[in-house]
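Single-structure report; data block below.
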Amino acid sequence: MSAPERRQPPREARWETLGHSVQGVNKQRNQDWYAAEGSGSASDPLILAVADGHGSAVHARSHIGARCAVDLFVAQARTFAELARSEGPDGTHSLSWLMNYARNELPRQLAAAWQESVLAHWDRNPDTVNPAAEPPPKGRKLLLYGATLVGAVVTPQLFAAWQLGDGELTVIGADGAVALPLAPAEADLGDETESLCSRHAWQLVRVHWAPVVAPDRTPRLIVLSTDGLSKSFASDEGFAQFMAGMDQRLAKDGGPDDVREALPGWLAEAARYSGDDTTLVAARRPEPDAADHGPAPDEPRSDA
């Protein structure tokens, strides 16, 4: 008599991610950088980030500043997610403590780490145009690396996001509604924007805080993008329609693969209209029956 077949537990469902970055028309290099990692579980949080280096002559090293911003956010987000794992009546951190950490401690640590990182890069790579000249003051060094940042973390208990400067966090809810929860009250004028090189940068960070009440009420799509995408549309309504259309296409059979294939073309068209580097990274919540499927392939980072 053969032994009874042991039933394997279903694989844990994971968020599907996609991302791409396109260099702006007539730009010498792509100043954007992005990252997407994790499945969205307690032990493997979903982490998304995009950064946009300012790119002008006064920000000549902003492509380095953007990469530092993303790498440092990912490290800070992992720490935050680990702290969130101990949230609860038997844990060491209450939800209110985590909210305070998200709104104050994480932005403070991130801004300080970014400044330390780019100043260390300067020390290793000082300006060699005129070696005899006096080195620039700290503030001018920071300007060289100026960049914006949008980042998000998703765990089974929490969805939190942070933004400094321009770019968009787009959230499509379970009901299909499109929202931009971190949009500033007033749009930036021209190309001026808040930045990691700004004085007291951590105080300028906007935070979205959304505890997960029920898994099926978690957003079904989270999209982070640099302003090269939004500036390619004539109106906010056009941008929202693009996001809604991408959500609808992802929901179709083969949708994620189709969107991954189409995304470079979409972003190239946007970059042609805006003239700016254009980057998008997104995560789609798994469907209720997705636990029986294997993990989605990892997306490559930008090669900016």
Side-chain angles (χ1 to χ4, degrees), residues 14-40 46-53 55 62-71 73-74 77 147-152 154 161 163 165-172 178 180 219-233 238-252 254-285 295-304:
R14 61 175 290 163
W15 288 70
E16 295 181 275
T17 60
L18 57 130
H20 193 71
S21 185
V22 171
Q23 183 172 313
V25 177
N26 298 324
K27 293 286 184 107
Q28 293 185 347
R29 60 156 45 104
N30 191 336
Q31 304 284 338
D32 290 355
W33 195 259
Y34 75 90
E37 67 172 47
S39 65
L46 172 68
I47 299 174
L48 307 172
V50 295
D52 181 359
S62 63
H63 60 291
I64 298 168
R67 181 166 185 172
C68 286
V70 168
D71 291 348
F73 174 80
V74 169
T148 65
L149 176 69
V150 188
V154 179
Q163 181 167 352
D166 54 30
E168 281 75 33
L169 166 71
T170 305
V171 177
I172 297 186
V178 180
L180 281 76
R220 71 187 190 200
L221 183 65
I222 299 170
V223 186
L224 283 60
S225 53
T226 58
D227 70 332
L229 180 58
S230 58
K231 288 192 302 186
S232 70
F233 293 92
F239 178 77
Q241 288 171 5
F242 170 82
M243 291 296 175
M246 185 169 70
D247 171 58
Q248 292 167 8
R249 186 159 175 175
L250 282 165
K252 296 179 179 178
D257 289 337
D258 289 346
V259 171
R260 286 191 186 94
E261 183 177 350
L263 186 59
W266 295 345
L267 298 187
E269 186 73 1
R272 186 172 72 85
Y273 277 98
S274 69
D276 201 359
D277 304 328
T278 304
T279 301
L280 179 151
V281 61
R284 177 174 177 262
R285 177 165 54 88
D298 291 332
E299 288 292 321
R301 277 192 183 181
S302 164
D303 57 0

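Computed from a predicted model, the values in this text were never measured in an experiment.
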Under 4.5 Å between any side-chain heavy atoms of [X] and [Y], yes or no?
| X | Y | value |
| --- | --- | --- |
| L280 | L224 | no |
| V50 | W33 | no |
| D227 | S230 | yes |
| I222 | V154 | yes |
| S225 | F239 | yes |
| T279 | L267 | no |

Classify the ring geometry between F242 and F233 as parallel (under 30°), tilted (30 to 60°) or perpendicular (over 60°). tilted
If you measure from [atom1] on [X] to [atom2] on [Y], what distance do you get to the nearest 0.5 Å?
| X | Y | atom1 | atom2 | result |
| --- | --- | --- | --- | --- |
| D166 | K231 | CG | NZ | 7.0 Å |
| D258 | L263 | CG | CG | 12.5 Å |
| E168 | L229 | CD | CG | 7.5 Å |

Would D247 and R220 pass as an ion pair if we require N to O under 4.0 Å? yes
Check this for me, if you would: do K27 and D276 make a salt bridge, where the nitrogen-to-carboxylate-oxygen distance has to be below 4.0 angstrom?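 Here K27 pairs with D276 in a salt bridge, since their nearest N and O are under 4.0 Å apart.
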Determine whether T226 and D32 satisfy the following criterion, side-chain hydrogen bond (donor to acceptor under 3.5 Å, both in side chains), listing intermediate values before the conclusion. CA-CA 8 Å; T226 58; D32 290 355; 3.1 Å; yes
Taking [Y]'s backbone N and O only, do any of them form a donor-acceptor pair with [X]'s side chain (distance below 3.5 Å, no angle check)?
| X | Y | result |
| --- | --- | --- |
| Q248 | L250 | no |
| Q241 | G245 | no |
| S39 | W15 | no |
| R260 | T17 | yes |

Can you list the steps and then say if S21 with D277 is a side-chain hydrogen bond (donor to acceptor under 3.5 Å, both in side chains)? CA-CA 7 Å; S21 185; D277 304 328; over 6 Å; no
Closest non-hydrogen atom pair, A51 against L149: CB-CD1, 4.2 Å
